[in-house]
Amino acid sequence: MLQRPRGTRDFLPHEMEARSEVEGRMREAARRFGYGQVRTPAFEELELFTLRSGPGIVNEMYSFEDKGGRALALRPELTAPALRLFVNEARVLPKPLRWYYVDDCFRYERPQKGRYRQFWQFGAELIGADSAAADAEAVLLADAALRAAGLDYEMKVGHLALLRSLLADLDEGARRNVMALLDKREMDALGGALDALGRGDLLGPLRELVSATTLDEAFGVTGSLPGEGRLRATAGLLEAAGLDFSFNFGIVRGLDYYTGMVFEGFAANLGAENQVVGGGAYRLAHLFGGEDTPSVGFAIGFDRVMVALGEVPVPRRTVVAVLSTAEGLEDAFRAAAALRGAGLRAELDLSGRGLGAQMTRAAKGADFAVLIGAREASAGVVGFKNLATGIQETLPLEEAVARAAGREVSAAADR
RNA sequence: GCCAGGGUGGGGUAGCUGGUCAUCCUAGGGGACUGUGGAUCCCCCGACCCGGGUUCGAGUCUCGGCCCUGGCCCCA
């Protein structure tokens, strides 16, 4: 027996219905913000991702050499491909560009709850905008997409300048170490690390900063900084938009290209992998040979959203089972076509079994049964049974279709 | 890469202090039923993750691998 590769999943029709439903709601949110969808290749030059994230991530990627000797990788994320697309083909489009995407990504990691080797991201990039308004729009779209999906979660907004200003004197390695400990809120280990650096004086301010819940508290720790005005303006816009959010100045975001405002969202019931969205303002285009273009974007972990949502109620369409004997089979196909033409879901019984067996099957999943045996076929009518009420009538096909579609066709209207 | 727990018909399970034809539910197929409801009854289908070891004998003990679940690391 062949197994599916580790960390991948199969989706049956009922799961795909739920996923499509949620995906559709997120797409609609993006559309309403004026974002258009982009799609990039499932694999790219390996260098695209190492330029963005450093050579270390090769170990976490599905990288390979193709038959032409090219170093390629399955995309581990979608921001770099989107910016590559921008640099390749869209530099001259009027800015800002509003793009969104929903696609699968691949990472060679140990699977756990909400983490798979093939997973889907929904994200957006606002390219070529450099303002408080742009920052606010990205946060608001992320929130709109998650809310539209039906998710209850917590939005945290921060800014990298504050932490960076406190750590400005530290060298690269020390700063990374301190930020990693801060990210995990391991304050004891953090104190030890700072003492070892001879910077025990930083512990107090860092502690204050990460626990700050207002802008005044946070800038009280760091003093005024470039970017303060923009962050205050962004916060004002988010509040004006009625967004439910809180500040968190301990948000680290792994990479250097983030330039200012950053945000993350967390949902309950997700175990260790509870972050459902991450994003912020960044500059990436110049790494791929474009102009230094300020952008802001985010990515939502679609699979985690699905896990957090649990059962997703999917709007159910009317199902009509079409039953027939051998004499009625041709008419049954005609009836099914008419039902489908009216937008209904018509399921022909293909079993060739007795009508009793067909009715048994129909009763399990259908709302109505249209029945055509020798009698109906020769009379040019159909049996139309409401499976909820058990009432069966003999009707012309058009009227049966109209009944199933929820419209009453009165004799008076026909005259 | 590390840790813990786990893998028995399609799904869910019992057996797990070696030895009955491996239990039950459900799903699926057929029939009772050649024109009408989810019922009932009968029949059928179908499993010990893979490989090595111990043993007269392994689903059961043991080792390795693969996979699953959760956690660590990482998290772009």
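This is a predicted model, so every value here is computed, not measured. The sequence lines fix the lettering, A, B, ..., with proteins before strands; numbering per chain opens at 1.
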Have a look at [X] and say if it touches a base, only the backbone sugar-phosphate, or nothing, with a 4.0 Å heavy-atom cut-off.
{"X": "A:Glu60", "answer": "base"}
{"X": "A:Ala374", "answer": "base"}
{"X": "A:Leu323", "answer": "nothing"}

Look at the side chain of A:Gln392 against the base of B:U36 and say whether a donor-acceptor pair falls under 3.5 Å; ignore hydrogens and angles.
->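 Between B:U36 and A:Gln392, which were checked side chain against base, a qualifying N/O pair under 3.5 Å is present.
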
Among [options], the one nearest [X] by side-chain distance:
{"X": "A:Leu355", "options": "B:C67, B:G70, B:U36", "result": "B:U36"}
{"X": "A:Arg115", "options": "B:U36, B:G35, B:C75", "result": "B:C75"}
{"X": "A:Lys364", "options": "B:G38, B:U36, B:C72", "result": "B:G38"}
{"X": "A:Arg110", "options": "B:C2, B:G38, B:G31", "result": "B:C2"}
{"X": "A:Arg107", "options": "B:G71, B:G38, B:A76", "result": "B:A76"}
{"X": "A:Met359", "options": "B:C68, B:C75, B:G37", "result": "B:G37"}
{"X": "A:Lys385", "options": "B:A76, B:C72, B:U36", "result": "B:U36"}
{"X": "A:Arg6", "options": "B:C2, B:C73, B:C67", "result": "B:C67"}

Output, in order, the C-alpha distance, side-chain angles, deciding distance and verdict of salt bridge (charged side-chain N to carboxylate O under 4.0 Å, His left out) for A:Glu45 and A:Arg84.
-> CA-CA 11 Å; A:Glu45 287 185 31; A:Arg84 193 227 74 221; over 6 Å; no

Ignoring backbone atoms, establish whether A:Arg361 has a side-chain N or O less than 4.0 Å from OP1 or OP2 of B:G29.
->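 So the side-chain polar atoms of A:Arg361 do come within 4.0 Å of the phosphate oxygens OP1 or OP2 of B:G29, strictly under.
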
What integer number of Å spans the C1' atoms of B:C3 and B:G59?
->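 B:C3 and B:G59 have their C1' atoms separated by 27 Å.
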
Rounded to whole angstrom units, what separation is found between the CZ atom of A:Arg353 and the P atom of B:G30?
-> 5 Å

Assess whether a salt bridge exists between [X] and [Y], defined as any Lys/Arg side-chain N lying under 4.0 Å from an Asp/Glu carboxylate O.
{"X": "A:Arg345", "Y": "A:Asp367", "answer": "no"}
{"X": "A:Arg9", "Y": "A:Glu15", "answer": "no"}
{"X": "A:Arg91", "Y": "A:Glu291", "answer": "no"}

Pair partner, B:G18 [Watson-Crick or wobble, under 3.5 Å] = none

Provide the Watson-Crick or G-U wobble partner of B:U69, both distances under 3.5 Å; none if there is no partner.
->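 Base-paired to B:A4.
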
Enclosure of A:Arg361 CZ (heavy-atom neighbours >12, cutoff 6.0 Å) =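 For A:Arg361, atom CZ is not crowded (no more than 12 foreign heavy atoms under 6.0 Å).
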
